Number of protein chains: 2
Amino acid sequence: MNSVAKHLMSHGIRPSIQRIAIMQYLMGHATHPTVDTIYKDLHDDIPTLSRTTVYNTLALLEEKNAMMSITIDSHNVRYDGNANPHAHFQCRKCGMIFDSELNVTDLQNIKYPKGFDAQQVQVFYYGTCGKCREKEAMEKGKQIN
Amino acid sequence: MNSVAKHLMSHGIRPSIQRIAIMQYLMGHATHPTVDTIYKDLHDDIPTLSRTTVYNTLALLEEKNAMMSITIDSHNVRYDGNANPHAHFQCRKCGMIFDSELNVTDLQNIKYPKGFDAQQVQVFYYGTCGKCREKEAMEKGKQIN
DNA sequence: TTTCAATTTGTAATTTTTACAAATTAATAA
DNA sequence: TTATTAATTTGTAAAAATTACAAATTGAAA
């Protein structure tokens, strides 16, 4: 049995063709794809694949902690094959999302609301990425005023 | 001039009736309302208010840093009259969002992607709130098995 | 096999958000 | 003030994302 199927089974998920394909896609693409991207890319290989199956499967994978979803902007939910906690950086210019390690002890000073039992934490940074800043600098350089 | 109008002007926003109403709503409701909630509540007082105006105004307020938006779940963008950085806790059972202080130094150990210039940070915790946990405990108590 | 349960599919509906042009309101200058 | 221009608001319609649901298919168990 392939490693993706094993990963699914270890999370209590029966490894159907579609589920393997979607999980494999997430593990091989650390690009935080949207539902639409996943659907369109996989549809080439599995022409009978349905959008609903992609939605259902992603919901299942997340519920079983085989991956995680991030809603870093208002336009689309993104999916991340890595279910371990890590911070996300999004560039406001190009929209790209970068990963970064997150040491949970970094967050230990935050005060919890009374009685709240936290199961997951997400840290999102918004700003401008290196490439876009370089581009900006270039543009500025060209301007003579 | 009322304090809400002053707040808008201090952020470079001309204080129209609609803008004051929306900003005032956010300042008076720390409930992280959605666009729809804001629209429906204000529509009672300003029957001519348009949904588009709510969207446009919220975008403007955010751009000018008079408040901030949070996309803590995939269903709706939420709005927060407090533009200062603070952590958000969402209960997965009831959906409610709680605020908590966020000391930015708590996050200083996180490694940035090379060249990334961060302008904003969001910290989201997901879990179960005190009330929902109490409810759960009650339900369990009732079960005899 | 046969039966039953799980999974997938496709369509349609719902919800959220954006686009855009017309109407209204406010600001500026003659 | 009045005319002109700019800013803002409105409403409709379109686009995009998500969910609901029933039928069809596939897989597992008896």
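Keep in mind that this is a model prediction, so the values were computed, not measured. Naming convention: chains lettered A, B, ... in sequence-line order (proteins, then strands); numbering from 1 in each chain.
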Nucleotide range of DNA chain D contacted by chain B, 5' to 3', under 4.0 Å to a heavy atom? D:dA7 to D:dT19
When rounded to the nearest 0.5 angstrom, what is the spacing between SG in B:Cys129 and OH in A:Tyr112? 15.0 Å
Within this structure, what is the NE2-CE distance for the pair A:His32 and A:Met68, rounded to the nearest 0.5 Å? 7.0 Å
Hey, could you give me the CG/CG distance between B:Asn76 and B:Asp36, rounded to the nearest 0.5 Å? 7.5 Å
For nucleotides 26-28 of chain C, which of its nitrogen or oxygen atoms have a protein nitrogen or oxygen under 3.5 Å away, and what is each distance?
none

Which whole-number value in Å describes the distance from A:Ile46 CD1 to C:dT7 P? 16 Å
Strictly under 6.0 Å, is that where the ring centroids of B:Phe89 and B:Phe98 end up? no
Tell me, with the steps shown, if A:Tyr79 and A:Val35 meet side chain to side chain contact (heavy atoms under 4.5 Å, CB included). CA-CA 8 Å; A:Tyr79 296 90; A:Val35 170; 3.5 Å; yes
Just how far, in rounded Å, is P of C:dT16 from CG of B:Asn76? 5 Å
Starting from P on C:dT17, measure out to CZ on B:Arg78 and report it in whole angstrom. 11 Å
Of B:Val35 and A:Ser16, the one whose closest DNA chain C nucleotide lies more 5': A:Ser16
Nearest-Å distance, CD (B:Gln18) to P (C:dT24)? 14 Å
Within this structure, what is the CG-to-P distance between B:Asp36 and C:dT15, rounded to whole angstrom? 9 Å
Scan B:Thr48 against the nucleic acid and name what it touches under 4.0 Å (heavy atoms): base, sugar-phosphate only, or nothing. sugar-phosphate
Provide, to the nearest angstrom, the distance between the NE2 atom belonging to B:His75 and the C1' atom belonging to C:dT15. 11 Å
Return the value, rounded to whole Å, for the distance between atom OH of B:Tyr55 and atom C1' of C:dA19. 13 Å
Mapping A:Thr52 and B:Arg51 onto DNA chain D by nearest heavy atom, which one lands closer to the 5' end? B:Arg51
Nearest 0.5 Å, please: how far is OG1 in A:Thr71 from CD1 in B:Ile70? 9.5 Å
Between C1' of C:dA6 and NZ of A:Lys64, the distance in whole Å: 13 Å
If you measure from OH on B:Tyr126 to CD on A:Gln120, what distance do you get to the nearest 0.5 Å? 7.0 Å
Under 4.5 Å between side-chain heavy atoms, hopping through other hydrophobics if needed: is there a path connecting B:Val121 to A:Met96? yes
Shortest non-hydrogen contact between A:Ile20 and A:Ala5, atoms and distance: CD1-CB, 4.0 Å
